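Everything below concerns the one structure shown next.
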Amino acid sequence: MARKKIRYSYLLLDIFIVFLAFISISVIKPYNLSNYFHNYFSNIVILVFLWVPVSYFFKKYFYVSPNKRLQKILLRIFQSNFVIFSLTAIVMLLIHKRDYSLAVLLGTMSLATIAEILLWNSLHFFHRLKPTYEPSEVREKGIKPKKVFMPFPAFKEKVSTEQISDDQYAFLRELILKETNEDILLQIEAWVNLRSIHTYVLSTTTHFNILRLTGAYDCLINLHRINDIRYLNKFFEALNSRVLYGGYIIGLAETKAIRKKRILAKYPPVLNYIIYSIDFVIKRILPKFKLTRRLYFFITRGQNRVLSKAEIYGRLYSCGFEISEEQFVQNHLIFLARKLAEPLYPSDATYGPIIKLKRIGKNGKVIHVYKLRTMHPYSEFLQEYIYKKYNLAEGGKFNNDFRITTLGRIFRKFWLDELPMLYNLITGDIKLVGVRPISKHYFSLYSPEFQQRRIHYKPGLIPPYYVDLPKTIEEIEASEKKYLDQFDNSPFKTDFKYFFAAVYNILFKKARSK
């Protein structure tokens with residue numbers, strides 16, 4: 001009953017905040033307050049009518065425990081108030097076309113949101129000030145302590161040096177089932193031997209718990225979703241340090257595609273796309289920009305992150321692992337990754353809207369080519385994986401390249417992603433026409449003889465591909481060889497001819513780099 005009374009007191013206080021915000025905005029306006037009540041009172045009634053159910057739907061009025069993260073509470077406020085503002089604006093436009101004031105609505109919403117943030121910060125602070133019970137006080141006051149599970153119970157029977165006992169194995173399976181479900185457990189058992197003493201199972205979000213492990217294991221299994229791990233690369237690097245070469249790690253994740261499907265299925269039509277749009281802005285746009293990244297991590301603390309499959313695998317490859325197996329089980333991606341090398345500790349992994357890619361330049365020198373990002377973060381570490389799994393499509397691109405985003409496909413179709421390369425053209429790293437600036441892995445696909453010849457030429461913004469339109473890597477190599485042969489005899493004439501031939505094919509034959 002206590003929790004229910006507290007929740008209703010929050011609700012009444014929230015309604016008071018909305019009315020107070022409305023009055024405050026009305027006072028600021030250069031009109032009589034009574035006129036505002038006469039003209040806009042029905043609007044504030046509509047606002048409150050929508051405010052209460054939506055706020056309750058987002059669990060804004062639920063009891064705030066001292067252990068609940070403040071960032072999660074603030075996120076509920078931002079999400080619910082954005083939905084309230086959208087719905088109220090739509091209703092007012094449909095019902096009150098003449099006496100509708102966007103300024104009054106926006107001002108009321110903004111002021112109420114600020115007041116709510118201050119209120120919940122204060123409530124959270126005072127809850128934190130409540131005393132905690134020591135073990136002796138627990139016994140005196142008769143408070144029942146929470147049950148704490150240990151990794152393994154202390155059984156009396158002697159355990160084999162290679163495998164755990166049947167009782168320990170049964171207890172381990174019970175713990176895994178409490179943390180996940182039977183389908184995930186069966187998938188893990190299909191991949192690794194859970195009875196082995198060289199297999200270690202844990203559920204954590206911090207690399208501290210990984211680094212506390214002594215020795216190295218054949219397999220480490222983390223049952224906690226990696227979406228809740230803030231310093232994900234450090235976590236994978238810690239796993240790398242505690243797994244033997246050739247050993248494995250198993251992890252669980254909710255991918256971007258699974259998340260979208262879950263949100264759209266959870267909420268009713270129209271509202272589900274509004275909520276997904278809010279989630280998209282907060283979880284996928286804010287962390288991409290330096291100016292908003294700190295705000296994003298302040299609000300979320302890195303919890304419940306949106307991770308694409310490409311980013312997950314790219315981070316794993318950058319940390320010395322390769323993907324061996326994958327399965328989608330119970331709305332989760334579960335992956336088995338094998339340790340092949342030490343982490344790369346990348347300091348320039350692509351994450352923002354403009355990316356800097358390492359490419360082979362003249363004389364084999366590595367140059368940085370700038371582009372608009374059309375792939376998910378960390379995709380540059382997956383070229384070898386994509387090539388082995390899907391091979392090349394016509395035109396020398398990769399088949400079924402899941403690294404490319406929806407917006408990225410549009411950028412590539414109209415060459416918008418190439419615009420930042422004009423900077424490379426100005427600085428002299430590349431020229432207007434020439435062989436394509438390619439990655440180290442793509443460069444390795446050429447024959448050794450042509451590799452040695454190719455590095456003697458400066459790459460170009462417009463490659464010979466658009467003139468000959470080759471379909472295989474062999475045809476691409478032959479096309480570039482043909483261009484270089486002509487360039488050696490007449491550089492200016494060759495570039496002039498190739499430039500206009502490429503432009504003609506692009507404009508009239510719809511030539512595209514697939």
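The shown structure was predicted, so the numbers you read here are calculated from the model rather than taken from an experiment. Numbers here simply count residues along the sequence, with the first being 1.
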- Within the side chain of T405, is there an N or O that forms a donor-acceptor pair under 3.5 Å with the backbone of T374? yes
Please determine whether side-chain contact (heavy atoms from CB on, under 4.5 Å) holds for the pair E418 and K371, giving the CA-CA distance in whole Å, both sets of side-chain angles, and the decisive distance to 0.1 Å.
CA-CA 6 Å; E418 309 282 355; K371 287 190 174 185; 3.6 Å; yes
Please lay out, stage by stage, how K309 and E326 fare under the test side-chain contact (heavy atoms from CB on, under 4.5 Å). CA-CA 11 Å; K309 177 181 168 182; E326 64 175 32; 3.1 Å; yes
Requested in this report: Tell me, with the steps shown, if I278 and I282 meet side-chain contact (heavy atoms from CB on, under 4.5 Å).
Outcome: CA-CA 6 Å; I278 299 170; I282 295 176; 3.7 Å; yes
On a heavy-atom basis, the closest approach of F443 and I438 is CA-CD1, 3.6 Å
Exercise for review: Using modelled atom types only, decide if a donor and an acceptor are shared between the side chain of R436 and the backbone of P459 within a distance under 3.5 Å.
Suggested key: no
Rounded to the nearest 0.5 Å, the CZ atom of F335 sits from the CD1 atom of I249 at a distance of 5.5 Å
Q. Is it true that D279 and K260 have a side-chain N and a carboxylate O under 4.0 angstrom from each other?
A. no
What one should report as the nearest heavy-atom pair of I250 and L336 is CG1-CD1, 3.4 Å
Between the main-chain N or O of H368 and the side-chain N or O of N424, is there a donor-acceptor pair closer than 3.5 Å?
-> yes
Requested in this report: Examine distances only and state if a side-chain atom of N227 and a backbone atom of R305 form a donor-acceptor pair shorter than 3.5 Å.
Outcome: yes
For H376 and I404 the tightest heavy-atom approach is NE2-O, 4.5 Å
Problem - Ring geometry between Y273 and Y276 (parallel below 30°, tilted from 30 to 60°, perpendicular above 60°) - result: perpendicular
All heavy atoms of D429 vs all of I367, minimum pair found to be O-CD1, 4.0 Å
Item to complete: Verify, without hydrogens or angle tests, whether R412 (side chain) and D417 (backbone) share a donor-acceptor contact under 3.5 angstrom.
Response: no
ask   = Got a donor-acceptor contact below 3.5 angstrom from the S379 side chain to the M375 backbone?
value = no
### Query
Do S324 and R338 have a side chain donor and acceptor closer than 3.5 Å?
no
**Prompt:** Taking N304 for the side chain and D228 for the main chain, is one N or O donor matched with an acceptor at less than 3.5 Å?
**Reply:** no
- Item | Lys/Arg-Asp/Glu bridge criterion (N-O < 4.0 Å) met for R262, E254 | yes
ring-ring contact (aromatic ring centres under 6.0 Å, His included) test vs Y317 passes for just one of F236, F381, Y385, namely Y385
Quiz item: Looking only at atom types and distance, does a side-chain atom of K339 sit under 3.5 Å from a main-chain N or O of V243, one as donor and one as acceptor?
Solution: yes
Note to self: For A341, is there any backbone N or O sitting under 3.5 Å from a side-chain donor or acceptor partner on N240?
What the structure shows: yes
>> Checking the side chain of H441 only, and the main-chain atoms of S439 only, is there a donor and an acceptor separated by less than 3.5 Å?
In response: no
